[in-house]
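Reading through the structure tokens given below for one structure.
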2 protein chains.
Amino acid sequence: MKSKISTAMIAEKAGVGVSTAGFVLSGKARKMKISEKTEKRVLDIARELGYVPNAMAKSLRSERSGIVGLLYNHLKHNWADESLNGIKQALGKRGYSVFLSTHQFDPELQMKEVELMLQHRFDAIICIPFKEGIEAYERILKTDTPLVFLNDTLDELPDINVVAWNAREAADTAMRHLIGLGRKRFAFLGWGDQRPMFRARLEAFRSCLQAADLPVNEDWIQTFPLAGSVRGEVERLFSDEANRPDAIFAGLDVYGIEAIGVLEEMGLRVPEDVALVGMGDQPGSGFPSIGLSSMAIPSEVLGSKAASLALELLDDPGNKVASKILISFNELIERRSSVR
Amino acid sequence: MKSKISTAMIAEKAGVGVSTAGFVLSGKARKMKISEKTEKRVLDIARELGYVPNAMAKSLRSERSGIVGLLYNHLKHNWADESLNGIKQALGKRGYSVFLSTHQFDPELQMKEVELMLQHRFDAIICIPFKEGIEAYERILKTDTPLVFLNDTLDELPDINVVAWNAREAADTAMRHLIGLGRKRFAFLGWGDQRPMFRARLEAFRSCLQAADLPVNEDWIQTFPLAGSVRGEVERLFSDEANRPDAIFAGLDVYGIEAIGVLEEMGLRVPEDVALVGMGDQPGSGFPSIGLSSMAIPSEVLGSKAASLALELLDDPGNKVASKILISFNELIERRSSVR
DNA sequence: GTGAAAGCGCTAACAA
DNA sequence: TTGTTAGCGCTTTCAC
């Protein structure tokens, strides 16, 4: 039987008023000093009838949904999985639930998802910002729904609360590690994304080289689309035996992983001829045939901090919180691609 | 301003009745023969006031949420991403939205998520079944909420509608490919999961060997936990130079990927000494340093079919649909691990 | 074409 | 302690 059981029916069957039944069923029996006998009777009948509370009626009345929306660009790699765990844990403790959706970097799709979350009166929204999606974020702000950016900021929306990995510091660590290995000729393979935390990787690349008095070869700085292949560029970069890099800093592991394969196909040895370090410690980097050293991203912590920030926003009626939380996490996972 | 704008307010401001405003705002102006002038006035005021329809009120009244819930065990690998795309596409066409959550194989967590979805009166639920989660599925069934299993069945719940990849056929294809390479001594590395579609991999292993009059060495059949490492077993299996496998069938790519690395560390050549084929074409198998041949899983198609099945269930008031859809998809992605 | 009004299930203020 | 009642915002029937 489709659950059409309401508090009123239960109240009637139990021979009590709706409010009595309501209090019991929403766990406020104690607070309202309902007699244990009555409470038990109501609960028994509810169980017997297969009562399922109607969350929409509850939210409609209480003006809050108890749900935080989570908007990912995609669920690839393990990033979403890990950060979601952090988020759910932090929000669960406070009685909030999480619903998640993705938009595959499609601004229109994102707008649709946002509209849906707003219509369902989600109490807050956490999302991974991307430049083309700005309209949707502005839409959220207009409704005064608390918004938290996870993992990056947008230059165009500088006032939004954000929790992100301090990729700049991590990239510095990675670069200093490679420089410490005695490498002199550096190439950069990175994502062409222009968000601050991705630009930071290239900035670290440049500034660490300068600080170490090493040359920055602009022709060896290459960026790619997210799902792009680095094969062609790697082959080009290493075609001139007389003048080729001896180290690669990969802004995302995925580029480093592919590069290792291409280099070995070309007969170059890793790390003897070319040392590599990547960013993000993505699944794959640790496979025995790959062994790409990488800076680990603290996904779960990021998620949990973002959730906490969202909770702060929710607790603050004025929405006045303004936090830019950069998590410093500079753990280098050393693998064969950069052993001494 | 927090969106506290209701249809009633808009109606008042526009000088029309609530129902008129309601018809316009829910896109039924045409059907109700509202004059274009009135329609425009209402819409203008709605926009001006920043009206956001209240989905909970709507659902409460209309007794349907327009949401299909999706319950994954985790979001690792790219499986969730791809199947979600298929699901969203199929459901979007019919005006349904999707909300997703995960439970990390924790039955209690899954039960909580299910309870939440039921309370929110999700119109249907699609999930990846796991044995320990049975209680939750029974809970769903008791409320008469349409339920679709994606990617596998459960022996204990044979009547549930399901869409899954025909892993048996695919595994047959993989095994026949290895046998066609002339390999004689086969090892199996698989997930210890007991669901039918995972058992099918091992069944295919055995039956293909028997059909080809090749020996089945029970000691070379090894299963592992999902996140387990095959290193120890692979080292053991190949320690006896006089008697070791010349082919590995990996029930999941992840085991094959690690095995390739371990084998090469041990000085064995892939595929000359050992040929491998995996299942699922997970990200990583195609990395140049790995090159694991694999049977591709049609994730997006599976998602889309599961969504269609859910829609069928929704359309059928009696809930009488009973489909077990096994998608045959036997595409072998040939990589270096099994070239002739 | 448009307006009035009932009611979805739940909460909470108010009475008793 | 328990019962009564007024909405929350929306849909939809019925009357004008």
Side-chain angles (χ1 to χ4, degrees), chain A residues 2-43 45-46 49-66 95 118-123 143, chain B residues 2-43 45-46 49-66 95 118-123 143:
Chain A
K2 195 104 187 169
S3 179
K4 287 197 176 305
I5 312 299
S6 65
T7 45
M9 291 181 198
I10 292 174
E12 192 188 7
K13 242 199 157 156
V16 302
V18 248
S19 65
T20 307
F23 287 134
V24 170
L25 292 170
S26 56
K28 298 199 186 68
R30 203 47 52 81
K31 216 172 71 185
M32 286 305 162
K33 300 185 184 172
I34 309 283
S35 73
E36 288 199 13
K37 210 178 60 185
T38 310
E39 181 179 11
K40 187 175 175 324
R41 186 149 36 97
V42 170
L43 286 177
I45 291 176
L49 263 46
Y51 170 70
V52 180
N54 186 322
M56 329 201 103
K58 186 186 299 216
S59 310
L60 179 59
R61 179 62 230 246
S62 60
E63 317 239 69
R64 52 179 292 285
S65 62
L118 294 176
Q119 293 186 6
H120 281 270
R121 299 295 189 267
F122 280 16
D123 294 323
T143 65
Chain B
K2 194 101 186 171
S3 179
K4 287 195 175 303
I5 312 299
S6 66
T7 44
M9 291 182 198
I10 292 174
E12 191 188 10
K13 245 202 154 154
V16 302
V18 247
S19 64
T20 307
F23 288 135
V24 170
L25 292 171
S26 56
K28 297 198 186 66
R30 201 50 48 81
K31 214 172 72 184
M32 286 303 161
K33 300 185 183 169
I34 309 283
S35 73
E36 288 201 14
K37 209 177 63 185
T38 310
E39 180 180 12
K40 187 175 178 322
R41 186 147 38 95
V42 170
L43 286 176
I45 290 176
L49 262 46
Y51 170 72
V52 180
N54 186 323
M56 330 203 104
K58 184 186 303 217
S59 310
L60 179 59
R61 180 62 229 244
S62 59
E63 317 240 68
R64 53 179 292 283
S65 61
L118 294 177
Q119 293 187 7
H120 281 270
R121 299 293 189 269
F122 280 16
D123 294 323
T143 65

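What's counted below: heavy atoms across the whole structure, side chains too, no hydrogens, waters or symmetry copies. Quick note on labels: first sequence line is chain A, next is B, and so on, each numbered from 1.
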### Query
For B:Met56, which contact category applies under a 4.0 Å heavy-atom criterion: base, sugar-phosphate, or nothing?
nothing

### Query
With a non-hydrogen cut-off below 4.0 angstrom, is A:Ser59 in contact with a base, only sugar-phosphate, or nothing?
nothing

Has [X] got a side-chain atom pairing as donor or acceptor with [Y]'s backbone, closer than 3.5 angstrom?
| X | Y | answer |
| --- | --- | --- |
| B:Ser35 | B:Thr38 | yes |
| B:Thr20 | B:Val16 | no |
| A:Arg121 | A:Leu118 | yes |
| B:Asp123 | B:Ser65 | yes |

## Note on the structure
On DNA chain C, more 5' by nearest nucleotide between B:Val16 and A:Lys28 is B:Val16

### Task
Report the residue (B:Gly15 or A:Pro53) whose heavy-atom-nearest nucleotide on DNA chain C is the more 5′ of the two.
B:Gly15

Quick check on [N]: is either OP1 or OP2 less than 4.0 Å from any side-chain nitrogen or oxygen of [X]?
| X | N | result |
| --- | --- | --- |
| B:Lys58 | D:dG9 | no |
| A:Thr7 | C:dG9 | no |
| B:Thr38 | C:dT2 | yes |

### Query
Ignoring hydrogens and angles, are the base of D:dG3 and the side chain of A:Ser19 linked by a donor-acceptor pair under 3.5 Å?
yes

I need the [atom1]-[atom2] distance between [X] and [N], as an integer number of Å.
| X | N | atom1 | atom2 | value |
| --- | --- | --- | --- | --- |
| B:Leu60 | C:dA6 | CG | C1' | 13 Å |
| B:Asn54 | D:dT11 | CG | C1' | 13 Å |
| B:Ile34 | C:dG3 | CD1 | P | 8 Å |
| B:Met9 | D:dG7 | CE | C1' | 13 Å |
| B:Lys40 | C:dG1 | NZ | P | 18 Å |
| B:Met32 | D:dA15 | CE | P | 16 Å |
| B:Arg30 | C:dG1 | CZ | P | 12 Å |
| B:Arg64 | D:dT12 | CZ | P | 11 Å |

Of the listed nucleotides ([options]), which one gets closest to any side-chain atom of [X]?
| X | options | value |
| --- | --- | --- |
| A:Ala57 | C:dG3, C:dC10, D:dC10 | C:dC10 |
| B:Phe23 | C:dC10, D:dT12, C:dT11 | D:dT12 |
| A:Arg61 | D:dG9, C:dG9, C:dG1 | C:dG9 |
| A:Glu63 | C:dG1, D:dG9, D:dC10 | D:dG9 |

## Note on the structure
NZ (B:Lys40) and CD1 (B:Ile45) are apart, to the nearest 0.5 Å, by 10.0 Å

